[in-house]
Amino acid sequence: MINLLSAEFYKLKKSRGILVGLLVAACLALLLYSSLILIDKINRGELANGTGGVVVYQNVEETQINEGTESMMERVGVAGVLQQMFGGHFVGLILAVLVSMFVIREFSSGAVKNLVGKGYSRAAIFLAKMIAVITFTLLFQMLVMAVTIGMGIPFMGELFSDADWGAIAAYGAFQLMFGAVVSVIFLLVGELTRNLAAGIAVSMGLLIFSTTFTEVLDLVCRNLDFQPSQYWILEITVSCPVTGISPEFMIRGVLVSLVWLLLATVLGVLHFQKADVK
């Protein structure tokens with residue numbers, strides 16, 4: 001197991017996935033901050049509506065921001081941008097691509113077949129891959145958080161120091177936990193499909209369409225006083241509040257994360273033990 005982990009971490013060290021993903025995330029954060037500035041300038045009448053592709057819809061009495069009125073930058077803040085990065089699935093979509101590439105390339109290159117041929121147990125191979133994927137995900141998410149928050153310094157100015165850093169830290173901790181579980185689900189998808197295009201498509205599909213699917217389930221179960229969306233890890237990731245996280249959400253978030261982590265791990269190990277390795 002130690003040799004397997006060493007090999008996985010060596011591949012992570014040589015991979016440029018984190019740097020590429022971080023660059024994409026930085027561009028997205030820049031776009032979000034820039035959009036907030038444009039919205040404020042449009043609201044103040046400094047720029048024409050539609051500048052930079054940003055269109056602001058306002059009521060007649062809201063065409064201009066009166067003195068003392070809270071701006072969009074003040075309403076959203078660093079916490080709101082961070083929430084959009086993670087709750088808006090920007091980070092999740094990047095991870096879907098990076099994890100799929102890291103996992104599926106091992107099958108297409110024959111690396112997994114070589115490991116099985118050397119006598120390593122399939123359970124150990126899968127668990128080593130899972131630990132590497134979780135480590136990769138946590139590191140990537142922490143770097144994205146650092147970059148997103150750091151970019152807020154020049155954009156937010158004085159508003160940066162007024163942010164609720166305790167709430168941001170709590171939000172970040174929960175997103176790290178949720179992200180680790182979601183990455184294992186991406187690992188499971190990659191192990192099931194073993195095709196790069198299919199793996200990326202299915203992983204992205206889970207992110208993009210899961211909310212619609214869970215809303216349908218909630219409607220089906222509306223008479224049962226039960227909402228399936230509250231127990232789906234991706235929906236919890238989106239609904240996680242950036243401030244005022246309740247004890248109920250904390251407990252449910254931890255339990256749901258543990259259940260999905262265990263389920264994805266067990267399914268992955270069981271399938272990998274029985275599936276052919278080509």
Side-chain angles (χ1 to χ4, degrees), residues 1-15 17-18 21 92-141 176-210 213-214 217 228 231-237 253-278:
M1 185 67 174
I2 295 178
N3 292 336
L4 289 172
L5 286 174
S6 298
E8 294 295 337
F9 286 124
Y10 177 79
K11 284 180 282 189
L12 284 180
K13 183 179 178 180
K14 293 296 182 179
S15 174
I18 287 183
L93 289 172
I94 298 173
L95 278 174
V97 176
L98 297 181
V99 171
S100 296
M101 292 176 62
F102 180 71
V103 173
I104 297 174
R105 281 181 176 178
E106 295 289 293
F107 287 96
S108 58
S109 66
V112 174
K113 182 178 181 180
N114 290 335
L115 291 175
V116 174
K118 290 180 180 179
Y120 291 106
S121 72
R122 296 197 178 195
I125 295 172
F126 184 88
L127 292 176
K129 183 71 69 178
M130 185 184 77
I131 293 173
V133 165
I134 291 176
T135 302
F136 171 86
T137 300
L138 294 176
L139 178 59
F140 176 71
Q141 287 183 309
L176 288 174
M177 178 178 64
F178 299 150
V181 178
V182 172
S183 69
V184 177
I185 295 177
F186 292 158
L187 167 61
L188 174 61
V189 171
E191 200 280 323
L192 292 174
T193 59
R194 302 189 185 185
N195 178 277
L196 186 57
I200 294 176
V202 173
S203 296
M204 285 187 167
L206 285 174
L207 288 171
I208 297 172
F209 299 111
S210 65
F213 181 69
T214 52
L217 289 180
Y231 304 96
W232 171 227
I233 185 64
L234 291 175
E235 191 64 26
I236 288 182
T237 301
V254 172
L255 291 178
V256 169
S257 298
L258 289 175
V259 169
W260 281 104
L261 177 63
L262 180 61
L263 181 62
T265 303
V266 171
L267 289 177
V269 170
L270 291 178
H271 182 268
F272 186 50
Q273 285 181 331
K274 296 181 179 180
D276 293 333
V277 178
K278 298 181 181 180

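- Residues Ala180 and Leu138 share a closest heavy-atom pair of CB-CD2, 4.2 Å.
- The CG atom of Leu176 sits 10.5 Å away from the CZ atom of Phe178 when rounded to the nearest 0.5 Å.
- Atom CZ of Phe272 is separated from atom CG of Leu127 by 10.5 Å, given to the nearest 0.5 angstrom.
- Counting only distance, with no hydrogens or angles, the side chain of Ser100 and the backbone of Val97 share no donor-acceptor pair below 3.5 Å.
- In this structure, the separation between CZ on Phe140 and CD1 on Ile94 is 4.5 Å, given to the nearest 0.5 Å.
- The minimum heavy-atom distance between Met177 and Ser257, with the atom names listed, is CE-OG, 3.7 Å.
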(request) Start with the C-alpha distance between Leu12 and Phe102, add both sets of side-chain angles, then the distance that settles side-chain contact (heavy atoms from CB on, under 4.5 Å), and finish with yes or no. (result) CA-CA 9 Å; Leu12 284 180; Phe102 180 71; 3.6 Å; yes
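- Between Arg194 and Ile104, the shortest heavy-atom distance links the atoms C-CG2, 3.6 Å.
- Closest approach of Val182 and Leu234 over heavy atoms only: CG2-CD2, 3.6 Å.
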(request) Start with the C-alpha gap between Leu188 and Val184, add the side-chain angles, then the distance that decides, and say whether side-chain contact (heavy atoms from CB on, under 4.5 Å) holds. (result) CA-CA 6 Å; Leu188 174 61; Val184 177; 5.8 Å; no
(request) I would like to know whether Lys129 and Lys11 meet side-chain contact (heavy atoms from CB on, under 4.5 Å); could you show each step before the answer? (result) CA-CA 11 Å; Lys129 183 71 69 178; Lys11 284 180 282 189; 3.8 Å; yes
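- Between atom CG of residue Leu261 and atom OG1 of residue Thr265 there is a gap of 4.5 Å, rounded to the nearest 0.5 Å.
- Separating the CG atom in Leu139 from the CD1 atom in Ile134 is a distance of 13.5 Å, to the nearest 0.5 Å.
- Nearest heavy atoms, Ala198 versus Thr193: CB-CB, 4.2 Å.
- Using a 4.5 Å heavy-atom threshold, the side chains of Ser210 and Trp232 count as touching.
- A side-chain donor-acceptor contact under 3.5 Å links Trp260 to the backbone of Tyr231.
- Of the inter-residue distances, the one linking Ile185 atom CD1 with Leu95 atom CG reads 12.5 Å to the nearest 0.5 angstrom.
- Taking both residues in full, the closest heavy atoms of Leu98 and Gly21 are given as CD1-CA, 4.1 Å, listed atom of the first, atom of the second, then distance.
- More than 12 heavy atoms of other shown residues, nucleotides or ligands fall within 6.0 angstrom of atom CZ in Arg122.
- Between Thr137 and Gln141, some side-chain heavy-atom pair lies under the 4.5 Å cut-off.
- Heavy atoms of other residues, nucleotides or ligands lying less than 6.0 angstrom from CZ of Phe9 number more than 12.
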(request) Evaluate the side-chain contact (heavy atoms from CB on, under 4.5 Å) criterion for residues Val133 and Met130: first the C-alpha distance (whole Å), next the side-chain angles of each, then the deciding distance (0.1 Å), finally the verdict. (result) CA-CA 5 Å; Val133 165; Met130 185 184 77; 5.7 Å; no
